Amino acid sequence: MVEPSVGDVGHRGPGATQQIPHLKQEGLSHTQYEVLVRLADAPQGRLRMAELADALYTSKSGLSYQVTQLEKAGLLLREACPTDEREVVAVLTEAGRERLALVAPGHVATVRRTLIDVLTPAQQAAVAAGLGEVGRRLAAS
């Protein structure tokens, strides 16, 4: 039997990578959730769109669509960058912080239940080592 690849695991079911059931119930795609998380972790809840796209490994156009949906929902807003007029900054709103605080515990529990708790400590260590190496190589490229 062939073991499933990481890509196979990530693509189980219709829209598995974009519509995670508990996030969908809250009206968020996985990418939108990640945008909120990145902004919440950023100083003053602000990131240039280019930095956000790089952090999420997505195109600027793909990110723009997701940010537009979040902006329509009042979860973030876009502002001109004060240091570079060519750039736009995404800013997390209070409503965005509140939505993230509401959704994050369930998301963390789901990730833990489906990706962490099913592995033995040795398997967790192997995954961590492997992903650490991938991260180092991505950072170096």
Side-chain angles (χ1 to χ4, degrees), residues 1-84 86-141:
M1 181 173 142
V2 176
E3 292 292 322
S5 70
V6 172
D8 291 336
V9 171
H11 290 91
R12 298 284 183 212
T17 59
Q18 281 298 308
Q19 290 297 332
I20 298 172
H22 65 277
L23 292 179
K24 185 176 181 182
Q25 290 171 355
E26 295 297 330
L28 295 173
S29 70
H30 186 255
T31 301
Q32 291 166 349
Y33 174 81
E34 288 296 326
V35 167
L36 296 177
V37 167
R38 300 296 174 142
L39 289 174
D41 287 343
Q44 292 90 41
R46 307 168 63 88
L47 277 176
R48 290 184 308 119
M49 291 287 285
E51 292 173 313
L52 197 50
D54 288 347
L56 297 175
Y57 299 105
T58 190
S59 68
K60 289 180 187 177
S61 63
L63 176 63
S64 182
Y65 172 79
Q66 299 298 334
V67 166
T68 296
Q69 301 311 305
L70 291 167
E71 191 172 32
K72 286 178 181 177
L75 304 179
L76 62 76
L77 53 93
R78 286 185 258 207
E79 295 179 350
C81 180
T83 59
D84 186 344
R86 298 167 296 172
E87 290 282 344
V88 174
V89 177
V91 182
L92 188 63
T93 63
E94 188 58 36
R97 285 188 191 284
E98 290 170 5
R99 176 75 65 88
L100 184 59
L102 176 73
V103 174
H107 184 66
V108 169
T110 298
V111 169
R112 179 161 203 75
R113 184 177 62 254
T114 58
L115 298 175
I116 307 296
D117 294 346
V118 298
L119 301 175
T120 67
Q123 290 169 324
Q124 289 176 16
V127 168
L131 292 177
E133 181 59 25
V134 169
R136 283 187 290 281
R137 289 181 188 218
L138 286 173
S141 63

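Below, each value reflects all heavy atoms present in this structure, side chains not excepted, and no hydrogens, waters or symmetry copies. None of the values given here were measured: they were computed from a predicted structure.
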Practice task
Taking the side chain as every heavy atom from C-beta outward, state whether Q66 and E34 have any atom pair closer than 4.5 Å.
Solution key: no
Exercise for the section: Check for a donor-acceptor pair, side chain of Q124 on one end and backbone N or O of L119 on the other, with a separation under 3.5 Å. Expected result: yes
Handout entry: Gap separating the CZ atom of R112 from the CG atom of D117, nearest 0.5 angstrom
Key = 5.0 Å
Problem - Minimal non-hydrogen separation, A42 against L47, with atom names - result: CB-CG, 3.6 Å
Exercise for the section: Would you check if the side chain of Q32 reaches a backbone N or O of V67 as a donor-acceptor pair within less than 3.5 Å? Expected result: no
Practice task
Decide yes or no for M49 and L63: does some side-chain heavy atom of the first lie under 4.5 Å from some side-chain heavy atom of the second?
Solution key: yes
Exercise for the section: Taking the side chain as every heavy atom from C-beta outward, state whether L102 and E98 have any pair of such atoms under 4.5 Å apart. Expected result: no
Problem - L39 CG to L70 CG distance, which is reported to the nearest 0.5 Å - result: 8.5 Å
Exercise for the section: Report yes if the side chains of H107 and V37 come closer than 4.5 Å at any heavy-atom pair, otherwise no. Expected result: no
Problem - Side-chain H-bond candidate by donor/acceptor type, S61 with S59, under 3.5 Å - result: yes
Exercise for the section: Give a yes or no on whether the backbone of E26 and the side-chain of R99 come within a donor-acceptor separation of less than 3.5 Å. Expected result: yes
Problem - N/O donor-acceptor pair under 3.5 Å between T93 side chain and G74 backbone - result: yes
Handout entry: Backbone N/O of K60 and side chain of S64: donor-acceptor pair under 3.5 Å
Key = no
Handout entry: Under-4.0 Å salt bridge between R38 and E51
Key = no
Completion exercise
Here the gap from L23 atom CG to Y33 atom OH, rounded to the nearest 0.5 Å, amounts to 7.0 Å
Exercise for the section: State the CD-OG1 distance between Q69 and T31, to the nearest 0.5 angstrom. Expected result: 12.0 Å
Problem - L75 vs L100 side-chain heavy atoms within contact, under 4.5 Å - result: no
Handout entry: Whether E87 side chain and D84 backbone form a donor-acceptor pair below 3.5 Å
Key = no
Problem - V89 and V91: CA distance, side-chain angles, deciding distance, side chain to side chain contact (heavy atoms under 4.5 Å, CB included) verdict - result: CA-CA 6 Å; V89 177; V91 182; 4.0 Å; yes
Exercise for the section: Kindly compute the distance separating CZ (R97) from CG (L76), expressed to the nearest 0.5 Å. Expected result: 11.5 Å
